[in-house]
Enquirer: 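Please find one structure pasted underneath; my questions will follow.
Labels below follow one simple rule: chain letters A, B, ... track the order of the sequence lines, proteins then strands, and each chain is numbered from 1.
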Amino acid sequence: MLDVKYIRENLEKVESQLKKRGENVNLSSFREFDSRRRELLQEGESLKALRNKVSEEISRISDKSQVQDRIAEMREVSRKIKSIDDDLRDVEENFQSYLLTIPNIPHSTTPVGVSEADNVEIKKWGKIPEYPFAPRPHWEIGESLDILDFERGARITGTRFTLYKGVGARLERALINFMLDLHTDRHNYVEMLPPFMVNRESMTATGQLPKFEDDLFHLEGVDYFLIPTAEVPITNIHRGEIVKGSDLPIRYAAYTPCFRKEAGSHGKDTRGLIRQHQFNKVELVKFVRPTDSYLELDLLLADAEQVLQILGLPYRVIDLCTADLGFSATKTFDIEVWLPGQNTYREISSCSNFGDFQARRASIRFRDGEQAKPAYIHTLNGSGLAVGRTVVAILENYQQADGSVLIPDALHSYMGGLKKIG
RNA sequence: GGAGAGAUGGCCGAGUCGGCCGAAGGCGCUCGCCUGCUAAGCGAGUAUACUGGGAAACCGGUAUCGAGGGUUCGAAUCCCUCUCUCUCCGCCA
């Protein structure tokens, strides 16, 4: 959520900055809500001040006959207050839900664009391997090695669900452990294992709700949602808190499965592990001082990149343009890993700075010292990495002519010494 | 699932038959004093949000004692609903 005072004072600027997202923003109703709200507020508050004053006087007058008309008067005032408060509640509710639908303002360094074609590649790492044979896509490799079972996954649940088998399951688990160990032991994140279902408040705080409910799995009987990313439970750890400035930056790493409906991508990436309704991810989340957040974004990106570097997987980094930027983010770097079986780069991580947007929705603040004013922190998060897609990248990049797949060195110990699949 | 207890400021904890309770007291913390260091001691201060005024320092108003409703001129205090926590029993990985 954006700062109401900031919008009030910079209405046109905000509008033009939001237009860069390609959204049809119209802040004219902002003015209406805002002035109506303040009008009602002032009217109600002066009546309350009067009532408080007179009520206090009533309590001090001992002669009861003298207070009857004052009481009658205040009865009327109270009735008026109630009706103003009712109107005010209405206005505030509508104002609030309106504010929750306004996306974040892109950062000044975010490239302006009208489609994903305007994203900017800022870095390439690793050598794209050459094969003396036609590299196969991971779904073929996985099936022929009998480690991925798409048919039975679909039987158990439905389309976009996959069964991992034997060494395949082990590889997924190895990657989760490897990533968590790397981020906790070497990058100083604190490991968290959060709930995989969250309530509506948590989803609203990070920005999934109210606008993107269609993308979420909702439970029947309770108003809970399956998490689409660990970002949601982890960011909400500090919802409603004022943390000590000296504790910043706070870094958390968490493994969770992620559940997404993938509404609107019917027919896209139907084969293989790329687009699943359930997938595993190790997520990095940071709570930082506002002044540090863009530096922290670079560090976060580097932490995620290192996973690919250690695994020896070629990738590139993309600076997302305003048209491709997520609802809550001010700036996002995507990491795309090279997939030889599909002869393309695919997103494997997305590292974003949300500024104070989520912090304001979630009311997460920090304070330096006792007498300092609390201020909103900045939140960031990034995948470190999407585990299923890392399996995909390993299968495709490390495939051999004989159909086997080599396991990257860093994973040998996590695979019980196994160096090759098949 | 059954029975019971509770939810007050950073923490602990008081709150009388509703009125001067944003809320006693203690701890903690901050600043100052004092003691040759430390400890102790003394004094002052110590919530948040919205809102009006002001360049600002700051001053005023309103709200907040788990959440939402109700009664009342007036509610932390009375009534209703909900949420959460704790204890015991049952069930269960």
Side-chain angles (χ1 to χ4, degrees), chain A residues 1-10 30-100 193-205 219 221-225 233 236-248 250 256-257 287 356-377:
Chain A
M1 196 159 68
L2 301 176
D3 183 4
V4 169
K5 282 180 196 155
Y6 182 81
I7 303 179
R8 187 184 296 151
E9 282 153 25
N10 303 277
F30 177 90
R31 274 267 147 82
E32 287 169 37
F33 280 128
D34 189 44
S35 58
R36 181 81 183 123
R37 172 176 168 270
R38 284 197 288 173
E39 212 173 275
L40 289 167
L41 204 56
Q42 283 165 35
E43 200 181 337
E45 285 187 354
S46 60
L47 287 176
K48 281 177 190 170
L50 172 69
R51 182 180 68 184
N52 287 346
K53 194 172 128 257
V54 174
S55 291
E56 197 258 347
E57 284 167 14
I58 290 172
S59 74
R60 282 183 301 161
I61 297 171
S62 46
D63 184 351
K64 280 187 186 136
S65 63
Q66 277 182 19
V67 301
Q68 282 319 312
D69 50 333
R70 307 250 73 190
I71 288 178
E73 216 175 290
M74 287 308 107
R75 189 176 297 143
E76 185 55 32
V77 168
S78 271
R79 241 193 44 204
K80 217 181 276 175
I81 288 172
K82 210 179 155 204
S83 112
I84 289 170
D85 275 351
D86 286 345
D87 292 350
L88 183 63
R89 192 181 322 112
D90 257 29
V91 170
E92 292 202 312
E93 263 170 31
N94 292 331
F95 193 21
Q96 189 68 9
S97 15
Y98 166 75
L99 289 171
L100 288 173
L193 185 61
F196 300 158
M197 303 174 200
V198 300
N199 59 32
R200 193 167 281 277
E201 290 69 42
S202 292
M203 282 293 187
T204 305
L219 271 71
V222 270
D223 196 17
Y224 294 162
F225 298 86
N236 275 281
I237 289 172
H238 294 296
R239 171 149 55 88
E241 294 184 6
I242 301 175
V243 302
K244 279 196 234 137
S246 55
D247 289 343
L248 299 177
I250 297 170
T256 70
F287 303 82
D356 61 10
F357 188 83
Q358 293 181 328
R360 185 169 286 109
R361 286 173 164 241
S363 184
I364 308 172
R365 291 170 293 173
F366 76 101
R367 171 163 34 204
D368 283 311
E370 287 295 318
Q371 62 266 73
K373 274 237 146 221
Y376 288 113
I377 52 123

Enquirer: Would you say A/S55 and A/N52 are linked by a side-chain donor-acceptor pair, where the criterion is simply a distance under 3.5 Å?
Expert: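 No, no side-chain donor-acceptor pair sits under 3.5 Å.
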
Enquirer: If you look at every strand shown and take non-hydrogen atoms under 4.0 Å, does A/R200 touch a base, only sugar-phosphate, or nothing?
Expert: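 No contact.
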
Enquirer: What integer distance in Å separates A/E56:CD from B/rG18:P?
Expert: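 Taking atom P of B/rG18 as the reference, CD of A/E56 is at 19 Å.
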
Enquirer: Can you figure out which of B/rG74, B/rC20, B/rC50 approaches the side chain of A/R37 most closely?
Expert: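 Nucleotide nearest to A/R37's side chain: B/rC50.
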
Enquirer: Write down the partner of B/rA3 under the Watson-Crick or G-U wobble criteria, each distance required to be under 3.5 Å.
Expert: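 By the stated definition (distances under 3.5 Å), B/rU87 pairs with B/rA3.
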
Enquirer: Quick check: on RNA chain B, is the nucleotide nearest A/I242 upstream (toward 5') of the one nearest A/I71, or the reverse? Name the residue that is more 5'.
Expert: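 Its nearest nucleotide being more 5', the pick is A/I242.
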
Enquirer: For residues A/V77 and A/L47, report the shortest heavy-atom separation together with the two atoms involved.
Expert: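 Closest heavy-atom pair between A/V77 and A/L47: CG1-O, 3.9 Å.
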
Enquirer: Return yes when atom OH of A/Y224 has more than 12 non-hydrogen atoms of other residues, nucleotides or ligands closer than 6.0 Å, and no otherwise.
Expert: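 Open: at most 12 neighbouring heavy atoms sit under 6.0 Å from OH of A/Y224.
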
Enquirer: Who is the Watson-Crick or G-U wobble partner of B/rC92, with both distances under 3.5 Å?
Expert: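 Pairing partner: none.
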
Enquirer: Taking B/rA63 as the reference, what is the distance to B/rC20 when you measure between their P atoms (whole Å, please)?
Expert: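 It works out to 13 Å between them.
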
Enquirer: Grab the CZ-P distance between A/R51 and B/rG19 for me, whole Å please.
Expert: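 It works out to 16 Å between those atoms.
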
Enquirer: With a 3.5 angstrom cut-off on both distances, give the Watson-Crick or G-U wobble partner of B/rC20, or none if there isn't one.
Expert: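 Answer to the pairing question: none, since B/rC20 forms no Watson-Crick or G-U pair.
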
Enquirer: Any idea how A/F33 and A/Y98 line up, ring-wise: parallel (<30°), tilted (30 to 60°), or perpendicular (>60°)?
Expert: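 Rings of A/F33 and A/Y98: tilted, as their planes differ by 30° to 60°.
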
Enquirer: Give me the distance, rounded to whole Å, that separates B/rA23 from B/rG18 when you measure between the C1' atoms they each carry.
Expert: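 It works out to 15 Å between them.
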
Enquirer: Could you check which of B/rU48, B/rU62, B/rU51 has an atom nearest any side-chain atom of A/P374?
Expert: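 Closest nucleotide among those given: B/rU48.
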
Enquirer: Can you name the nearest heavy-atom pair linking A/A359 to A/I377, along with the distance?
Expert: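 A/A359 and A/I377 have their closest heavy atoms at CB-O, 3.1 Å.
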
Enquirer: Rounding to an integer number of Å, can you tell me how far A/K244 NZ sits from B/rU30 P?
Expert: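 From A/K244 NZ to B/rU30 P: 12 Å.
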
Enquirer: Roughly, in whole Å, what's the span from CE in A/M74 to P in B/rA75?
Expert: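 Taking CE of A/M74 and P of B/rA75, I get 14 Å after rounding.
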
Enquirer: Considering only side-chain heavy atoms of A/R89, which listed nucleotide, B/rG69, B/rC50, B/rA63, is closest?
Expert: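 Per side-chain heavy atoms of A/R89, the pick is B/rG69.
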
Enquirer: Within the pair A/S78 and B/rG74, is there a side-chain N or O less than 4.0 Å away from OP1 or OP2?
Expert: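 Checking B/rG74 against A/S78, a side-chain N or O does come within under 4.0 Å of OP1 or OP2.
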
Enquirer: Starting at CZ of A/R367 and ending at P of B/rU48, how long is that distance when rounded to a whole Å?
Expert: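 It is 5 Å, rounded to the nearest whole Å.
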
Enquirer: Between B/rG61 and A/E45, counting only base atoms on the nucleotide and side-chain atoms on the residue, is there a donor-acceptor pair under 3.5 Å?
Expert: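 Donor-acceptor pair under 3.5 Å: yes.
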
Enquirer: Give me the distance, rounded to whole Å, that separates B/rG69 from B/rA75 when you measure between the C1' atoms they each carry.
Expert: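 Taking atom C1' in both B/rG69 and B/rA75, they lie 14 Å apart.
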
Enquirer: Could you tell me how far apart A/L88 (CG) and B/rA63 (P) are, to the nearest whole angstrom?
Expert: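 These atoms are roughly 13 Å apart.
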
Enquirer: Under a 3.5 Å cut-off for both contacts, is B/rU72 paired Watson-Crick or G-U wobble with anything, and if yes, with which nucleotide?
Expert: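 Pairing partner, where one exists within any strand: none, as none qualifies.
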
Enquirer: For nucleotides B/rC73 and B/rG10, find the distance between their P atoms and express it as a whole number of Å.
Expert: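 Looking at atom P only, B/rC73 and B/rG10 are 34 Å apart.
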
Enquirer: Base, sugar-phosphate, or nothing: which does A/R75 touch, judged by heavy atoms less than 4.0 Å apart?
Expert: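 The answer is sugar-phosphate, as A/R75 gets under 4.0 Å only of primed atoms, P, OP1 or OP2.
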
Enquirer: Contact class for A/K82 vs. all strands (heavy atom < 4.0 Å): base, sugar-phosphate, or nothing?
Expert: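 Sugar-phosphate, backbone atoms only, no base.
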
Enquirer: If I take atom CG in residue A/N52 and atom C1' in nucleotide B/rG74, what distance separates them, rounded to the nearest angstrom?
Expert: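 The answer, rounded to whole Å, is 8 Å.
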
Enquirer: For the pair made of NZ in A/K373 and P in B/rC58, what is the distance, rounded to whole Å?
Expert: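 A/K373 atom NZ is separated from B/rC58 atom P by 10 Å.
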
Enquirer: Expressed as a whole number of Å, how far does the C1' atom of B/rU62 sit from that of B/rA56?
Expert: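 These two C1' atoms come out 24 Å apart once rounded.
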
Enquirer: May I ask you to say whether A/D34 pairs ionically with A/R31, meaning some side-chain N is under 4.0 Å from a carboxylate O?
Expert: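 Result for this pair is no, no salt bridge flagged.
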
Enquirer: Tell me whether the side-chain N/O atoms of A/Q42 come closer than 4.0 Å to OP1 or OP2 in B/rU51.
Expert: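 For B/rU51, OP1/OP2 do not have a side-chain N/O of A/Q42 under 4.0 Å.
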
Enquirer: Over all strands shown, is A/K5 touching base, sugar-phosphate only, or nothing at heavy-atom distances under 4.0 angstrom?
Expert: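 Here A/K5 touches the backbone only, sparing every base.
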
Enquirer: I'd like the P distance from B/rG15 over to B/rG9, given in whole Å.
Expert: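 Taking atom P in both B/rG9 and B/rG15, they lie 16 Å apart.
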
Enquirer: So what's B/rC42 paired with, Watson-Crick or G-U wobble, going by both distances under 3.5 Å?
Expert: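 With both distances under 3.5 Å, B/rC42 matches B/rG32.
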
Enquirer: Could you check whether A/R79 gets within reach of a base, just the sugar-phosphate, or nothing at all, counting any heavy atom under 4.0 Å?
Expert: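 Touches nothing.
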
Enquirer: Below 4.0 angstrom from OP1 or OP2 of B/rG74, is there any side-chain N or O of A/R60?
Expert: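 For A/R60, the contact criterion (side-chain N or O under 4.0 Å from OP1 or OP2 of B/rG74) is not met.
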
Enquirer: Which pair of heavy atoms, one from A/R365 and one from A/Y376, lies closest together, and at what distance?
Expert: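 It is CG-CD2, 3.5 Å.
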
Enquirer: Taking a pair as Watson-Crick or G-U wobble with both distances under 3.5 Å, which nucleotide is matched to B/rC50?
Expert: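 Pairing partner, where one exists within any strand: B/rG61.
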
Enquirer: Could you give the distance separating B/rC65 and B/rU77 at their P atoms, to the nearest angstrom?
Expert: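 My reading of the P atoms in B/rU77 and B/rC65 gives 8 Å.
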
Enquirer: Does B/rC50 have OP1 or OP2 under 4.0 Å away from a side-chain N or O of A/R38?
Expert: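 For B/rC50, neither OP1 nor OP2 has a side-chain N or O of A/R38 closer than 4.0 Å.
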
Enquirer: Atom CG in A/N236, atom CD in A/Q358: separation rounded to 0.5 Å?
Expert: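 Answer rounded to 0.5 Å: 8.5 Å.
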
Enquirer: Can you tell me, in whole Å, how much space there is between the C1' of B/rA49 and that of B/rU38?
Expert: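 B/rA49 and B/rU38 have their C1' atoms separated by 42 Å.
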
Enquirer: By nearest nucleotide on RNA chain B, pick out whichever of A/Y376 and A/V54 is the more 5' one.
Expert: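 Closest to the 5' end, via its nearest nucleotide, is A/Y376.
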
Enquirer: Counting Watson-Crick and G-U wobble pairs only, both distances under 3.5 Å, name the nucleotide matched with B/rG9, or none.
Expert: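 Paired with B/rG9, as far as the under-3.5 Å criterion goes, is no nucleotide at all.
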
